[in-house]
Amino acid sequence: GAVVSQHPSRVICKSGTSVKIECRSLDFQATTMFWYRQFPKQSLMLMATSNEGSKATYEQGVEKDKFLINHASLTLSTLTVTSAHPEDSSFYICSPTRTANTEAFFGQGTRLTVV
Amino acid sequence: AQTVTQSQPEMSVQEAETVTLSCTYDTSESNYYLFWYKQPPSRQMILVIRQEAYKQQNATENRFSVNFQKAAKSFSLKISDSQLGDTAMYFCAFMNYGGSQGNLIFGKGTKLSVKP
(Lines give C-alpha, C1' and ligand atoms only; values in the text may rest on other atoms or scores of the structure.)
Protein backbone atom coordinates (compact mmCIF):
# COMPACT_ATOMS: atom_id res chain seq x y z
CA GLY A 1 0.00 0.00 0.00
CA ALA A 2 0.90 3.66 -0.07
CA VAL A 3 1.84 5.48 3.10
CA VAL A 4 1.33 9.23 3.23
CA SER A 5 2.28 11.41 6.16
CA GLN A 6 0.87 14.91 6.54
CA HIS A 7 1.83 17.29 9.32
CA PRO A 8 0.70 19.03 11.37
CA SER A 9 -2.71 17.49 11.93
CA ARG A 10 -3.98 20.62 13.65
CA VAL A 11 -2.66 24.15 13.80
CA ILE A 12 -3.97 27.39 15.21
CA CYS A 13 -2.32 30.59 14.08
CA LYS A 14 -2.87 34.29 14.41
CA SER A 15 -4.24 36.33 11.58
CA GLY A 16 -1.43 37.67 9.39
CA THR A 17 1.03 34.90 10.11
CA SER A 18 2.11 32.05 7.82
CA VAL A 19 1.66 28.32 8.27
CA LYS A 20 3.50 25.51 6.52
CA ILE A 21 1.95 22.09 5.94
CA GLU A 22 4.14 19.15 4.97
CA CYS A 23 3.15 16.10 2.99
CA ARG A 24 5.43 13.12 2.57
CA SER A 25 5.00 9.95 0.53
CA LEU A 26 6.89 7.41 2.62
CA ASP A 27 7.01 4.37 0.38
CA PHE A 28 6.61 5.66 -3.16
CA GLN A 29 7.76 8.50 -5.36
CA ALA A 30 5.12 11.11 -5.96
CA THR A 31 5.52 12.63 -9.38
CA THR A 32 2.43 14.75 -8.83
CA MET A 33 0.90 16.27 -5.74
CA PHE A 34 -2.67 17.42 -5.42
CA TRP A 35 -3.77 19.76 -2.64
CA TYR A 36 -7.42 19.83 -1.67
CA ARG A 37 -9.36 22.06 0.68
CA GLN A 38 -12.48 21.04 2.54
CA PHE A 39 -14.68 23.59 4.27
CA PRO A 40 -17.01 22.38 7.05
CA LYS A 41 -19.76 20.09 5.82
CA GLN A 42 -18.58 20.44 2.24
CA SER A 43 -16.76 18.31 -0.23
CA LEU A 44 -13.10 18.29 -1.17
CA MET A 45 -12.16 20.89 -3.75
CA LEU A 46 -8.92 20.79 -5.70
CA MET A 47 -6.74 23.80 -4.98
CA ALA A 48 -3.62 23.12 -6.96
CA THR A 49 -1.54 20.53 -8.76
CA SER A 50 2.21 20.37 -8.66
CA ASN A 51 4.72 18.21 -10.46
CA GLU A 52 8.11 17.57 -8.94
CA GLY A 53 10.51 20.33 -9.88
CA SER A 54 7.88 22.48 -11.59
CA LYS A 55 5.67 25.38 -10.62
CA ALA A 56 2.26 24.50 -9.31
CA THR A 57 -0.92 24.98 -11.32
CA TYR A 58 -3.73 26.60 -9.36
CA GLU A 59 -7.45 26.18 -9.79
CA GLN A 60 -9.59 29.18 -10.59
CA GLY A 61 -10.17 31.32 -7.55
CA VAL A 62 -7.15 30.06 -5.62
CA GLU A 63 -4.52 32.74 -5.03
CA LYS A 64 -1.08 31.47 -5.91
CA ASP A 65 0.62 34.15 -3.86
CA LYS A 66 -1.33 33.15 -0.77
CA PHE A 67 -0.96 29.39 -1.09
CA LEU A 68 2.67 28.68 -1.87
CA ILE A 69 3.40 25.15 -2.98
CA ASN A 70 6.85 23.62 -3.11
CA HIS A 71 7.40 20.18 -4.60
CA ALA A 72 11.17 20.00 -4.61
CA SER A 73 11.49 16.24 -4.26
CA LEU A 74 9.56 13.11 -5.17
CA THR A 75 8.72 12.42 -1.53
CA LEU A 76 8.00 15.84 -0.08
CA SER A 77 5.68 18.70 -0.89
CA THR A 78 4.74 21.68 1.24
CA LEU A 79 1.83 24.08 1.24
CA THR A 80 2.41 27.43 2.93
CA VAL A 81 -0.56 29.60 3.75
CA THR A 82 0.83 33.12 3.82
CA SER A 83 -0.70 36.05 5.66
CA ALA A 84 -3.47 33.80 6.90
CA HIS A 85 -6.93 35.20 7.54
CA PRO A 86 -9.91 33.64 9.35
CA GLU A 87 -11.52 32.78 6.02
CA ASP A 88 -8.53 30.51 5.30
CA SER A 89 -9.61 28.32 8.19
CA SER A 90 -10.31 24.96 6.63
CA PHE A 91 -9.21 21.34 6.35
CA TYR A 92 -6.32 20.86 3.92
CA ILE A 93 -5.56 17.43 2.45
CA CYS A 94 -2.64 16.39 0.29
CA SER A 95 -2.82 13.61 -2.26
CA PRO A 96 0.47 12.44 -3.73
CA THR A 97 0.28 10.32 -6.85
CA ARG A 98 2.69 8.38 -8.98
CA THR A 99 2.89 7.98 -12.72
CA ALA A 100 0.03 6.00 -14.22
CA ASN A 101 -1.86 6.04 -10.97
CA THR A 102 -5.10 4.13 -10.76
CA GLU A 103 -6.20 5.34 -7.36
CA ALA A 104 -5.61 8.24 -5.05
CA PHE A 105 -3.78 8.29 -1.74
CA PHE A 106 -4.40 10.88 0.91
CA GLY A 107 -2.65 12.43 3.84
CA GLN A 108 -4.40 12.58 7.18
CA GLY A 109 -5.31 16.22 6.63
CA THR A 110 -4.51 19.44 8.47
CA ARG A 111 -7.15 21.40 10.32
CA LEU A 112 -6.13 25.05 10.13
CA THR A 113 -7.77 27.58 12.39
CA VAL A 114 -6.87 31.25 11.99
CA VAL A 115 -7.80 33.46 14.93
CA ALA B 1 -15.77 19.38 -17.49
CA GLN B 2 -16.66 16.42 -15.40
CA THR B 3 -19.23 16.69 -12.63
CA VAL B 4 -20.31 14.31 -9.89
CA THR B 5 -23.73 14.53 -8.24
CA GLN B 6 -24.83 12.93 -5.01
CA SER B 7 -28.48 13.74 -4.48
CA GLN B 8 -28.83 12.37 -0.95
CA PRO B 9 -27.29 14.73 1.62
CA GLU B 10 -28.18 12.37 4.48
CA MET B 11 -29.23 8.76 4.84
CA SER B 12 -29.88 6.52 7.78
CA VAL B 13 -30.13 2.76 8.11
CA GLN B 14 -30.69 0.27 10.88
CA GLU B 15 -27.79 -1.91 11.87
CA ALA B 16 -27.62 -5.14 9.82
CA GLU B 17 -29.82 -3.75 7.06
CA THR B 18 -28.89 -2.73 3.53
CA VAL B 19 -28.58 0.80 2.19
CA THR B 20 -27.87 2.21 -1.26
CA LEU B 21 -26.16 5.53 -1.87
CA SER B 22 -26.70 7.20 -5.23
CA CYS B 23 -24.21 8.90 -7.52
CA THR B 24 -24.43 10.19 -11.07
CA TYR B 25 -21.71 11.79 -13.09
CA ASP B 26 -21.19 13.55 -16.34
CA THR B 27 -18.24 13.13 -18.67
CA SER B 28 -17.42 12.90 -22.33
CA GLU B 29 -14.52 10.56 -21.65
CA SER B 30 -14.78 6.84 -22.32
CA ASN B 31 -12.00 5.68 -20.01
CA TYR B 32 -12.05 6.70 -16.38
CA TYR B 33 -12.23 5.45 -12.81
CA LEU B 34 -14.98 5.84 -10.28
CA PHE B 35 -14.55 5.60 -6.54
CA TRP B 36 -16.41 5.64 -3.30
CA TYR B 37 -14.52 7.10 -0.37
CA LYS B 38 -15.49 7.03 3.26
CA GLN B 39 -14.62 9.92 5.55
CA PRO B 40 -15.20 9.10 9.24
CA PRO B 41 -15.07 11.78 11.95
CA SER B 42 -11.26 11.55 11.91
CA ARG B 43 -11.58 12.96 8.36
CA GLN B 44 -9.08 10.48 6.95
CA MET B 45 -10.16 9.56 3.44
CA ILE B 46 -10.59 5.80 3.14
CA LEU B 47 -11.07 4.04 -0.17
CA VAL B 48 -14.17 1.87 -0.10
CA ILE B 49 -14.35 0.61 -3.65
CA ARG B 50 -13.07 1.35 -7.14
CA GLN B 51 -14.51 0.72 -10.59
CA GLU B 52 -12.74 0.91 -13.90
CA ALA B 53 -15.08 2.22 -16.58
CA TYR B 54 -13.90 -0.31 -19.16
CA LYS B 55 -14.97 -3.19 -16.92
CA GLN B 56 -18.58 -4.24 -17.24
CA GLN B 57 -18.53 -6.32 -14.09
CA ASN B 58 -19.57 -4.45 -10.97
CA ALA B 59 -16.88 -4.14 -8.32
CA THR B 60 -17.39 -5.75 -4.91
CA GLU B 61 -15.45 -5.54 -1.67
CA ASN B 62 -16.89 -7.70 1.08
CA ARG B 63 -20.11 -5.94 2.21
CA PHE B 64 -19.72 -3.17 -0.34
CA SER B 65 -20.78 -3.42 -3.96
CA VAL B 66 -21.57 -1.02 -6.75
CA ASN B 67 -24.15 -0.85 -9.49
CA PHE B 68 -22.27 0.72 -12.39
CA GLN B 69 -24.44 1.78 -15.30
CA LYS B 70 -22.09 3.36 -17.82
CA ALA B 71 -24.71 4.42 -20.35
CA ALA B 72 -26.78 6.05 -17.64
CA LYS B 73 -23.64 7.45 -15.96
CA SER B 74 -24.76 6.09 -12.66
CA PHE B 75 -22.60 4.60 -9.91
CA SER B 76 -24.45 3.62 -6.74
CA LEU B 77 -22.96 2.04 -3.65
CA LYS B 78 -24.72 -0.75 -1.78
CA ILE B 79 -23.74 -1.48 1.79
CA SER B 80 -25.01 -4.80 3.08
CA ASP B 81 -25.25 -5.85 6.73
CA SER B 82 -24.62 -2.27 7.84
CA GLN B 83 -22.43 -1.85 10.88
CA LEU B 84 -22.14 1.01 13.36
CA GLY B 85 -18.62 1.63 12.07
CA ASP B 86 -20.03 2.42 8.65
CA THR B 87 -21.31 5.72 10.01
CA ALA B 88 -19.43 8.38 8.03
CA MET B 89 -19.55 10.75 5.10
CA TYR B 90 -19.40 8.94 1.77
CA PHE B 91 -18.03 10.65 -1.31
CA CYS B 92 -18.42 9.49 -4.87
CA ALA B 93 -15.46 10.53 -7.01
CA PHE B 94 -14.37 10.52 -10.65
CA MET B 95 -10.87 10.32 -12.03
CA ASN B 96 -9.80 10.58 -15.65
CA TYR B 97 -7.80 7.71 -16.99
CA GLY B 98 -4.36 8.88 -17.95
CA GLY B 99 -1.59 8.75 -15.41
CA SER B 100 -0.45 11.66 -13.35
CA GLN B 101 -3.24 14.01 -14.40
CA GLY B 102 -5.63 12.05 -12.29
CA ASN B 103 -7.00 14.42 -9.70
CA LEU B 104 -10.32 13.40 -8.21
CA ILE B 105 -13.58 15.22 -8.73
CA PHE B 106 -15.84 14.67 -5.76
CA GLY B 107 -19.56 14.78 -5.22
CA LYS B 108 -20.92 16.75 -2.29
CA GLY B 109 -21.16 13.68 -0.13
CA THR B 110 -23.81 11.68 1.69
CA LYS B 111 -23.82 11.54 5.46
CA LEU B 112 -24.69 7.99 6.47
CA SER B 113 -25.86 7.19 9.97
CA VAL B 114 -26.15 3.57 11.06
CA LYS B 115 -28.55 3.23 13.99
CA PRO B 116 -28.41 0.44 16.55
Side-chain angles (χ1 to χ4, degrees), chain A residues 1-6 8-10 23 25 28-54 56-60 62 71 74 77 90-112, chain B residues 1-10 21 23-25 29 31-55 59 61 64 66 88-113:
Chain A
V3 182
V4 181
S5 176
Q6 183 176 343
S9 57
R10 291 176 182 239
C23 182
S25 53
F28 68 99
Q29 293 184 325
T31 52
T32 301
M33 181 71 73
F34 300 108
W35 287 94
Y36 295 88
R37 179 168 56 185
Q38 185 180 29
F39 289 109
K41 298 186 179 181
Q42 293 189 25
S43 188
L44 283 74
M45 297 297 292
L46 180 67
M47 296 177 64
T49 303
S50 70
N51 293 305
E52 184 260 338
S54 302
T57 302
Y58 293 82
E59 296 299 301
Q60 191 173 8
V62 178
H71 192 175
L74 289 172
S77 177
S90 188
F91 192 67
Y92 294 86
I93 306 176
C94 68
S95 179
T97 66
R98 50 197 174 196
T99 303
N101 64 305
T102 58
E103 67 178 281
F105 310 109
F106 293 93
Q108 299 90 333
T110 297
R111 184 190 301 271
L112 170 64
Chain B
Q2 292 84 9
T3 58
V4 178
T5 302
Q6 291 179 251
S7 58
Q8 304 154 315
E10 294 191 37
L21 307 184
C23 174
T24 58
Y25 61 95
E29 303 291 335
N31 290 325
Y32 49 87
Y33 299 96
L34 295 165
F35 306 86
W36 279 97
Y37 278 91
K38 170 184 177 181
Q39 188 180 44
S42 69
R43 304 188 80 172
Q44 172 73 57
M45 297 295 285
I46 300 168
L47 177 64
V48 175
I49 201 164
R50 179 183 70 186
Q51 175 81 44
E52 292 92 336
Y54 61 85
K55 290 187 177 180
E61 287 287 342
F64 300 89
V66 297
M89 282 291 292
Y90 286 81
F91 292 100
C92 179
F94 173 100
M95 183 170 77
N96 267 322
Y97 179 85
S100 61
Q101 295 305 307
N103 63 285
L104 290 175
I105 299 166
F106 291 91
K108 291 187 175 182
T110 297
K111 183 178 181 180
L112 177 66
S113 299

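Below, chain A is the first sequence line, B the second, and so on; all start at residue 1.
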Measure distances from Gln6(B) to the heavy atoms of chain A and classify the residue's part below 4.5 Å as side chain, backbone, both or neither.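 For Gln6(B), neither part sits under 4.5 Å from chain A.
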Can you say whether Phe106(B) sits under 4.5 Å from chain A via the side chain, the backbone, both, or neither, judging by heavy atoms?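 Phe106(B) touches chain A through backbone and side-chain heavy atoms alike.
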What residue in Gln108(A), Gln42(A), Lys41(A), Gln38(A) has the most heavy-atom pairs under 4.5 Å with chain B?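 Top option by heavy-atom pairs under 4.5 Å: Gln38(A).
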To the nearest 0.5 Å, tell me how far [X] [atom1] sits from [Y] [atom2].
X	Y	atom1	atom2	answer
Met45(A)	Ile105(B)	CE	CD1	9.5 Å
Thr97(A)	Leu104(B)	OG1	CG	9.5 Å
Gln39(B)	Leu44(A)	CD	CG	6.0 Å

Test item: Ser43(A) side-chain N/O and Gly109(B) main-chain N/O as donor-acceptor pair under 3.5 Å: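 Such a contact is absent between Ser43(A) side chain and Gly109(B) backbone.
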Quick check: closest heavy atoms across Phe39(A) and Arg43(B), and the distance to 0.1 Å?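 The answer is O-NH2, 4.4 Å.
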Closest contact, heavy atoms only, Phe106(A) versus Gln44(B):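 Nearest pair, atom of Phe106(A) first, then Gln44(B): O-NE2, 3.5 Å.
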